[in-house]
*Asks:* 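Here it is: the structure, laid out below.
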Amino acid sequence: MEGKLSSVAKNFTPSPIQELSQLAQRCNAINLAEGFPDFPAPPCIKEAAVSAINNDFNQYRHVQGICDQLALKMKKTHGLDVNPLTDIAICCGQSEAFAAAIFSIINQGDEVLLFDPCYETYEGCITLAGGIPVYVALEPPQWTLDPEKLMSSFTSRTKAIVLNRCPKLLSAEVFEVRIQVKNPHNPTGKVFSRDELEIIAEGCRRWDCVALTDEVYEYITYDNQKHETIAKLPGMQERTIITSSLSKTFSVTGWRIGWAIAPASAASAIQNIHIRITDSAPAPFQEAALTALRSPIEYFETLRGVGSGRMEYELKRDFCMKLLGSVGFRIQFKPQGSLFLFAELPKDCLLSDVEYVEELIKQAGVVVVPGRGFFHGNESCKYQKRYIRVAFCKSEATLNAAAQKFGELINAKACPKILY
């Protein structure tokens, strides 16, 4: 059967991250790797899901009420008029919404520019659509972009940009471009400012481009940072596809309820692709989504600050920064949003990111993600093997247990390879 596999399937091989995940499971390691919470979802939306199942909402289903709520949200939050009957496609999570959006705009042989580091599934979607990923490296530690490097990457086949970091300048004449904005950004935690969004919007308007946004962390920002969608800028709503989901905001990453908000023609194309792939998002969770989307504003505020006496995300971020700093990690970019820290290995550490993570699992019983999984460009750049990503969307018990493990290593001086 191996000889019958497609070229795409052959290229989708297991990564070092998957092998480390298996090692972590064998060692029963504390999981600071995967970006999902290990604490309960809000009781009211769990109850809504159970009620939907008990009331037999278990077959193929499209819940128009979700679209109605999303349209109200876009109007209230961003001042955008969205037609809930024509401009919204409900999908199986943001990942499917993003993939369907890519399939709706990318043709065979189109080149797509990606900024490194970037969320790893983008490349897979582009490849499956027949596109060709072309990488433009962002410069650490602030993850800045060289405008000349960007412009020299365009060719006659350039069709899209998957934008994980805002360029400081957009200039020169280029071919038709479609831009994707992940805001806040995974893995670095970058949040786009209004000035940056204005620059991107100028480029979109000038070259008649489509902006494809990933806004799953829209409510998870810190230090008075505020998420804004590029669609609200002049001339942008008619050229923007917004994708998002319930997953991060409501701690239900396994429910797979996401959406795309777009001009009617694009939303229709995305919906048609979704139907041919999965047909319907999970019916009971669509019902529960109505309860989630009607949550009071106080719920969204508690995601960032201390609202209920629990250790909320901004404090979790600061806790992990202090913890990593205590063992020599260099964190030169403080996350402004998302659920992740992207930290550089201690200066004198001779291990690569994968080797470090392997030692961390074995010696401390803690697992994080090697940074190289987010880099796809020039492998000769040494910094691509010098970062790890830490997910801090974990319970207080999990974070305290990880801190205790690090503390035990420091006190015992048991692991000279990873402690400095």
Side-chain angles (χ1 to χ4, degrees), residues 12-41 93 95 117-121 124 186-189 247-248 251-254 311 313 316-317 319-331 335 338-346 349-376 384-420:
F12 285 2
T13 57
S15 69
I17 296 174
Q18 291 172 292
E19 295 172 358
L20 288 168
S21 295
Q22 295 172 0
L23 174 61
Q25 290 177 356
R26 293 196 300 270
C27 296
N28 196 28
I30 296 170
N31 186 354
L32 300 184
E34 296 175 278
F36 63 81
D38 63 354
F39 48 82
S95 295
C118 66
Y119 185 48
E120 57 189 346
T121 62
N186 175 8
T188 66
S247 293
K248 309 300 183 179
S251 302
V252 288
T253 60
M311 187 180 183
Y313 283 144
K316 292 176 189 288
R317 177 202 63 178
F319 181 91
C320 285
M321 289 181 67
K322 184 177 180 180
L323 173 61
L324 293 177
S326 71
V327 293
F329 276 91
R330 295 187 293 173
I331 304 173
S338 83
L339 304 172
F340 306 106
L341 286 170
F342 206 49
E344 188 176 0
L345 295 179
C349 179
L350 300 179
L351 302 178
S352 71
D353 57 340
V354 171
E355 293 167 337
Y356 189 98
V357 171
E358 184 175 355
E359 287 294 325
L360 190 63
I361 294 169
K362 293 177 180 177
Q363 300 296 334
V366 177
V367 59
V368 297
V369 175
R372 71 178 64 183
F374 301 98
F375 294 103
H376 307 80
Q384 294 188 6
K385 300 179 181 180
R386 297 290 301 169
Y387 284 85
I388 55 121
R389 192 196 71 174
V390 176
F392 54 82
C393 51
K394 306 298 177 181
S395 67
E396 291 180 52
T398 297
L399 295 178
N400 286 330
Q404 182 178 348
K405 290 288 189 181
F406 278 111
E408 289 171 357
L409 284 177
I410 293 171
N411 292 333
K413 298 182 179 180
C415 192
K417 283 188 178 180
I418 62 174
L419 293 179
Y420 295 87

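Remember, it's a predicted structure, so these values are computed and weren't measured experimentally.
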*Asks:* Taking side chain as C-beta onward, heavy atoms only, is Leu341 less than 4.5 Å from Phe329?
*Replies:* no
*Asks:* Measuring only between side-chain heavy atoms, which start at C-beta, is Asp353 closer than 4.5 Å to Tyr387?
*Replies:*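 No. Closest side-chain heavy atoms not under 4.5 Å.
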*Asks:* Should Phe406 and Ser326 count as side-chain neighbours, where that means a heavy-atom distance under 4.5 Å?
*Replies:* no
*Asks:* Look up atom CG in Leu339 and atom SG in Cys320, then write down how far apart they are to the nearest 0.5 Å.
*Replies:* 11.0 Å
*Asks:* CG of Leu324 to CZ of Phe319: how many Å apart, nearest 0.5 Å?
*Replies:*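 Going from CG on Leu324 over to CZ on Phe319, the span is 10.0 Å.
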*Asks:* Going by heavy atoms in the side chains, are Pro335 and Met321 under 4.5 Å from each other?
*Replies:*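 In short, these two side chains touch, coming nearer than 4.5 Å.
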*Asks:* Atom CD in Gln404, atom CD1 in Ile30: separation rounded to 0.5 Å?
*Replies:*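 It comes to 8.0 Å.
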*Asks:* Determine the minimum heavy-atom distance between Leu399 and Phe392, stating which atoms define it.
*Replies:*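 Closest heavy-atom pair between Leu399 and Phe392: CD1-O, 4.1 Å.
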*Asks:* State, to 0.1 Å, how close Leu323 and Ala403 come at their nearest heavy-atom pair, and which atoms those are.
*Replies:*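 Of all heavy-atom pairs spanning Leu323 and Ala403, the closest is CD1-CA, 3.7 Å.
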*Asks:* Taking side chain as C-beta onward, heavy atoms only, is Val357 less than 4.5 Å from Leu351?
*Replies:*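 Not in contact.
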*Asks:* Would you indicate whether the side-chain heavy atoms of Pro346 and Val327 approach each other to under 4.5 Å?
*Replies:* no
*Asks:* What closest approach, in Å, do Glu396 and Lys316 show between heavy atoms, and which atom pair accounts for it?
*Replies:* N-NZ, 4.0 Å
*Asks:* If the condition is side chain to side chain donor-acceptor pair (under 3.5 Å), which residues does Thr398 pass it with, not counting sequence neighbours?
*Replies:*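 For Thr398 the side chain to side chain donor-acceptor pair (under 3.5 Å) partners, ignoring immediate neighbours, are Asp38, Ser395.
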*Asks:* Sequence neighbours left out, what pairs pass salt bridge (Lys or Arg N to Asp or Glu O under 4.0 Å) with at least one residue falling in residues 21-32?
*Replies:*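 Matches after skipping sequence neighbours: none remain.
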*Asks:* Of all heavy-atom pairs between Ala33 and Arg389, which one has the smallest distance, and what is that distance?
*Replies:*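 What the structure gives for the nearest pair is O-NH2, 3.0 Å.
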*Asks:* For Pro187 and Phe342, work out which heavy atoms get closest and say how close.
*Replies:*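 Smallest interatomic distance, heavy atoms only, reads O-CB, 3.6 Å.
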*Asks:* Any side-chain to backbone donor/acceptor pair from Lys394 onto Phe36? Under 3.5 Å, distance only.
*Replies:* yes
*Asks:* For the pair Val369 and Phe374, evaluate side-chain contact (heavy atoms from CB on, under 4.5 Å) and give the outcome as yes or no after the intermediate values.
*Replies:* CA-CA 10 Å; Val369 175; Phe374 301 98; 3.9 Å; yes
*Asks:* Measure the shortest side-chain to side-chain distance between Leu345 and Ser352 over non-hydrogen atoms and say whether it is less than 4.5 angstrom.
*Replies:*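 No; the side chains remain at least 4.5 Å from each other.
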*Asks:* Are any side-chain N or O atoms of Lys248 and backbone N or O atoms of Gly35, one a donor and one an acceptor, separated by less than 3.5 Å?
*Replies:* yes
*Asks:* Would the distance check show the side chain of Arg317 and the main-chain N or O of Phe340 forming a donor-acceptor pair, the cut-off being under 3.5 Å?
*Replies:* no
*Asks:* Might you point out which heavy atoms bring Glu34 and Cys393 nearest each other, and give the distance in Å?
*Replies:*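 Of all heavy-atom pairs spanning Glu34 and Cys393, the closest is O-SG, 4.4 Å.
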*Asks:* Would you call the rings of Phe39 and Tyr313 parallel, tilted or perpendicular, taking 30° and 60° as the class edges?
*Replies:* tilted
